[in-house]
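Here the structure is a predicted model, which means the values were calculated and not measured. Numbers restart at 1 for each chain; the letters A, B, ... are given by sequence-line order, proteins then strands. Values below: every heavy atom of this structure, side chains too, minus hydrogens, waters and symmetry copies.
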Amino acid sequence: MSVTAAPAGEPRRRSRRLRTVRRFFRHPGATGAVVVLVLLVVGAIFAPLIAPYDFVATDMLARLKPPSAEHLFGTDLHGRDIFSRMLFGARYSLAVGFATVALALVVGASVGILIGYTGGRVDEWGSRFLDVLLGFPAIVMAILVVAVLGVGLVNVVIAVAISHMPRFARVVRGAVLVTKEQLYVESAQALGASRLRIMARHVFPNIVPTLIVLGTLDLGNAILGTATLSFLGLGAQPPTPEWGAMLNSGREYMRYAPWLMLFPGLALFITVMAVNLLGDRLAQVLDPRAKDRA
Amino acid sequence: MTYFLRRLITIVPVLFIAWTLVFLVLQVIPGDPVNLMLAGRPASEEVRANERKRLGLDRPVLERYVLFLANAAQGDLGESYRTRQPVGTMILEQAGPTLRLALGGLIVGVVVGIVLGILAGMRPNTWIDTTCMMLALAGVSLPSFWIGMLLIYVFGMTLGWAPIVGGGFAALILPSITVGLYIAGGFARLVRSSIIEALNQDYIRTARAKGLGPAKVVLKHALRNAMIPPVTLLGVQIAVLIGGAVVTENVFARPGLGTMLVQAVLSKDLPLVQALVVYTTAAYVIINVAIDMLYGLIDPRIAAGRGA
């Protein structure tokens, strides 16, 4: 955590932010990643306007058609346009990824701040508990949670979030332990600020850069994890155009219609790659140490 | 020696907490296990009561918990709702294929990871470095189920180079690559930074001053010292291997623990789910302790320092 210059005036703060943004875009990979992600988000938001076909409309005369000018990415078993389905699928993959990370981040950060700031026995047992949770392979833990909650996309979000939560908690705990020793926290204590106020006003803002970096670095894994569960048949169910579920229904026709699995997988790969590039670059620019701790 | 013993004892509380969690989680599952077991077949109240008694479900939770822990420690975790076989036997039968797959994935991951990491680390910030690191990033960004399908399509179906069914060694090649690529990605990045750090040390300068060639410097001197952080990562990667096996078995329609787990969840075969999670965590914890002990072999300074 860098020590902030005491009276950081508005113009100076803005120029520093601008410099950070410039530094971020100096990396060609990061620039490409941002372009890809912006395109994806725009595609997802305006899917109803861009999609050439209705994503549920079946056409029995155009079943399993290879990619052509008419159907950019071909059609599936029911004659549905794959490109249109994928545009709507981007909504699911992105929303599900963000929701998963947000949930894991909120719960994890709360746990981390709580045990890190309280310290003592709470920290000791809390950390041990987190270690045990980290010992579960994420996907096995997520599958276990799905076993309890039942199959479905919302439950998959909860399951993957629970399996990712311990990592956030542990990193945040570490960051809190460092922040706790800073002079300004001590002076807040001396001024008689309550514990909750210190955590919310003084400790939390200082770990925000770490959280942003961690969240971005985790987003790719969250998208992959939720898509994996859908692929295994535990998440989104057909006819939902979620990419993992599309891959699952496409695999039976792989030999005759490889485009069924080619395009949704490619979209997933490009999305996760872009998110990971973004996370790497953010880590370099915002918080060089966050990556090693993750 | 005391170090090893002390390390072994730490396994106990971890397993205790993990198994308690599993037990609690499965208590929360809605629905009567007997109903799940009957799977919709009609049965009289009497049959149900008998079945509950036989499964020990009529006893208080605390008693069942203690019994569960005692049985788990002895490796007895009940019988499957679906097949009525002891779950321990079922898991043992399926463990072989999964272990072979995990080992194959590990070999692919470590070899590819070390090669990429060394290439990148020897010439940091050059185009070689950038290319290797982009490949590594692609490795962790590839959906393993998708790369598995691509491999099946290209090398199995179209080119016919590798078999995609069967249990032999050749049939293990494509699944191993599928599992290994993700591990290779993470491994390569760590090897790279480790190598860069090691190459800046004094003993490397000495080795170079002696007139050793770059290959010898890296392989004999830098690599050995650079391997500690990646080996630590290996412990964490065991979890990734297990997860990778779940997905890869599914894609390649291979038998194994992963296939079993997914089927058990879909058919709500709770004892089987419970047993699989219990064994997986046990394996994970034990392997991690074993890796800790491995440090001592790679770097004798650690064992000497800790064992004293």
- [ ] Would you mind checking which part of A/Ile223 comes under 4.5 Å of any heavy atom in chain B, side chain (CB onward), backbone (N, CA, C, O), both or neither?
- [x] neither
- [ ] Answer with side chain, backbone, both or neither: which region of B/Leu190 has an atom nearer than 4.5 Å to a non-hydrogen atom of chain A?
- [x] neither
Task: Among B/Thr158, B/Ile147, B/Val273, B/Val277, residue most engaged with chain A (heavy-atom pairs, under 4.5 Å) - done: B/Val277
Task: Contact summary for A/Met273 and B/Ala138, nearest pair of heavy atoms - done: SD-CA, 3.5 Å
Open item on the list: What verdict does the side-chain contact (heavy atoms from CB on, under 4.5 Å) test give for A/Leu268 and B/Trp146, after you've listed the backbone C-alpha separation in whole Å, the side-chain angles of each residue and the deciding distance to 0.1 Å?
Closed with: CA-CA 9 Å; A/Leu268 205 50; B/Trp146 183 58; over 6 Å; no
Open item on the list: Please classify the contact between B/Phe16 and chain A as side chain, backbone, both or neither, with a heavy-atom cut-off of under 4.5 Å.
Closed with: neither
Open item on the list: Name the residue from A/Leu232, A/Ile139, A/Ile143 that meets the side chain to side chain contact (heavy atoms under 4.5 Å, CB included) definition with B/Leu261.
Closed with: A/Ile143
Open item on the list: For residues 256-266 of chain A, give me every residue with a non-hydrogen atom less than 4.5 Å from any non-hydrogen atom of chain B.
Closed with: A/Pro258, A/Met261, A/Leu262, A/Gly265, A/Leu266
- [ ] Assess whether atom CZ of B/Phe155 is packed by more than 12 heavy atoms of other residues, nucleotides or ligands within 6.0 Å.
- [x] no
Open item on the list: Quick one, B/Leu142 and A/Val272 - any side-chain contact, counting heavy atoms below 4.5 Å?
Closed with: no
Open item on the list: Only heavy atoms, only distances under 4.5 angstrom. Which residues in residues 242-253 of chain A are near chain B?
Closed with: A/Leu247, A/Arg251
Task: Heavy-atom pairs under 4.5 Å with chain A, option from B/Leu137, B/Val22, B/Leu150, B/Val262 with the top count - done: B/Leu137
Task: Heavy-atom side-chain contact between A/Phe129 and B/Leu21 under 4.5 Å - done: yes
Open item on the list: If you compare all heavy atoms of B/Ser141 against all heavy atoms of A/Asn276, which two are closest, and at what distance to 0.1 Å?
Closed with: OG-ND2, 2.9 Å
